[in-house]
Each structure stands twice: as C-alpha cells, then as structure tokens.
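This report concerns only the one structure given below.
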Amino acid sequence: MANRVKRVKYPEWLEKTDCTLVLEQRGVSEDGAPITSEPIKTKCIYSEHAERMIDKDGVTVMLTGKIYKQGDIAPELSEIAGGTATVNGGTYQIIAASRPRNPDGTVHHTELKLK
C-alpha cells in the first residue's frame, strides 16, 4: 500500500494569511552582497507559538512562529539560509527552513521558522 503513494495531499485551503518573504542563500554574489530572492508576496499558513531552538552557533533562540507554503517557494535557491518575513504587520527574521519531500521526490511544502 505504501509503495503506491505518490504524493501526500497538502491543506491548501488553510493558506489564508498574507505574507511577504525575502529569502537569502548562503554565500555572497560577485559584488559582495548577500544572495537574496525577489520579494515574494503570497498567502501562507502562519502558526504563532513559542519554541526554543539551539542555532548553529550553540545559542538558544526563542522562536515566535512558523510559516508553511505549498511546494518549493524558491527553487532558484539551493538552500534557504535566512531572510525576513512580514506577516500580520510584523517583520520577523527567518532562522531555519526545511523542504520535506513527497515519496516521488517533489517538494511537499516549505517550512520557515521565525524569530
């Protein structure tokens, strides 16, 4: 039964919150500026909650929420290393991102953890 699953359904009907995202990739461009995407204005699922996380430097960070968006939000970026998200009138820093995959290898959704 499990080997017949190709894609897992995403709750697209829950995407009701307006958000603007500016994503950054690790590294710098030829002129020394950070590699960023164009501002992405979209609808998303925004979950507001408090969570503690240890970042890459070993510092405890308090997260304020998460954003979920169907599919790969920035396929041109090989990895999402940071950026900013504007949701409900507040601007948050993106601490971590993940792109879980479907059994067929496509990206199911993009998850952004906010501080």
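What's counted below: heavy atoms across the whole structure, side chains too, no hydrogens, waters or symmetry copies.
Val22 and Ile80 are not part of a single hydrophobic cluster, where members link through side-chain heavy atoms under 4.5 Å apart. Cluster annotation: Tyr10 and Val8 are assigned to distinct hydrophobic clusters (Ile/Leu/Val/Met/Phe/Trp/Tyr, side-chain heavy-atom contacts under 4.5 Å, transitive). The hydrophobic clustering, which links ILVMFWY residues whose side-chain heavy atoms are closer than 4.5 Å, places Ile40 and Ile94 together. The hydrophobic cluster containing Leu112 does not contain Leu63, counting ILVMFWY residues as joined when their side-chain heavy atoms lie under 4.5 angstrom apart, directly or transitively. Under the 4.5 Å side-chain heavy-atom criterion for grouping Ile, Leu, Val, Met, Phe, Trp and Tyr, Ile73 is connected to Leu77 within one hydrophobic cluster.
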Q: List the steps, then state whether side-chain contact (heavy atoms from CB on, under 4.5 Å) holds for Ile45 with Ile67.
A: CA-CA 6 Å; Ile45 299 173; Ile67 288 178; over 6 Å; no

(Q) Between Lys115 and Met62, does the side-chain contact (heavy atoms from CB on, under 4.5 Å) criterion hold? Intermediate values first, please. (A) CA-CA 7 Å; Lys115 171 178 133 177; Met62 193 68 170; over 6 Å; no

Q) When you look at Thr91 and Thr20, which way does the side-chain contact (heavy atoms from CB on, under 4.5 Å) test go after all the steps? A) CA-CA 9 Å; Thr91 301; Thr20 303; over 6 Å; no

Q) Hey, mind stepping through His108 and Arg101 against side-chain contact (heavy atoms from CB on, under 4.5 Å) and telling me if it holds? A) CA-CA 5 Å; His108 181 262; Arg101 300 204 175 256; over 6 Å; no

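Considering only heavy atoms from C-beta on, Tyr92 stays 4.5 Å or farther from Thr84 through its side chain. Side-chain contact between Cys19 and Thr42 is present, with at least one heavy-atom pair separated by less than 4.5 Å.
Judged by distance alone, with hydrogens and angles left aside, the side-chain atoms of Asn102 form no donor-acceptor pair with the main-chain N or O of Asp104 at under 3.5 Å. No donor-acceptor pair closer than 3.5 Å links the side chain of Glu12 to the backbone N or O of Gln70. Judged by distance alone, with hydrogens and angles left aside, the side-chain atoms of Thr36 form no donor-acceptor pair with the main-chain N or O of Gly83 at under 3.5 Å.
In this structure, the salt bridge (charged side-chain N to carboxylate O under 4.0 Å, His left out) partners of Arg99, at least two apart in sequence or on a different chain, are Asp72. For the salt bridge (charged side-chain N to carboxylate O under 4.0 Å, His left out) test, residues two or more places apart in sequence or in another chain that qualify with Glu51 are Lys66.
Residue pairs meeting the salt bridge (Lys or Arg N to Asp or Glu O under 4.0 Å) criterion with at least one member in residues 38-48, sequence neighbours excluded: Asp18-Lys43. Listed by first then second residue, pairs satisfying salt bridge (Lys or Arg N to Asp or Glu O under 4.0 Å) with a partner in residues 74-85 read Arg26-Glu79, not counting sequence neighbours. Residue pairs meeting the ring pair (Phe, Tyr, Trp, His ring centres under 6.0 Å) criterion with at least one member in residues 57-89, sequence neighbours excluded: Tyr68-His109.
Scanning both residues, Tyr46 and Thr64, for their nearest heavy atoms gives OH-O, 4.3 Å.
For the atom pair SG of Cys44 and CG of Leu14, the computed distance is 11.5 Å after rounding to the nearest 0.5 Å. Considering OG1 of Thr60 and CZ of Arg52, their distance stands at 7.5 Å, rounded to 0.5 Å.
When hydrophobic residues (I, L, V, M, F, W, Y) are linked wherever their side-chain heavy atoms come within less than 4.5 Å, Val107 remains an isolated member.
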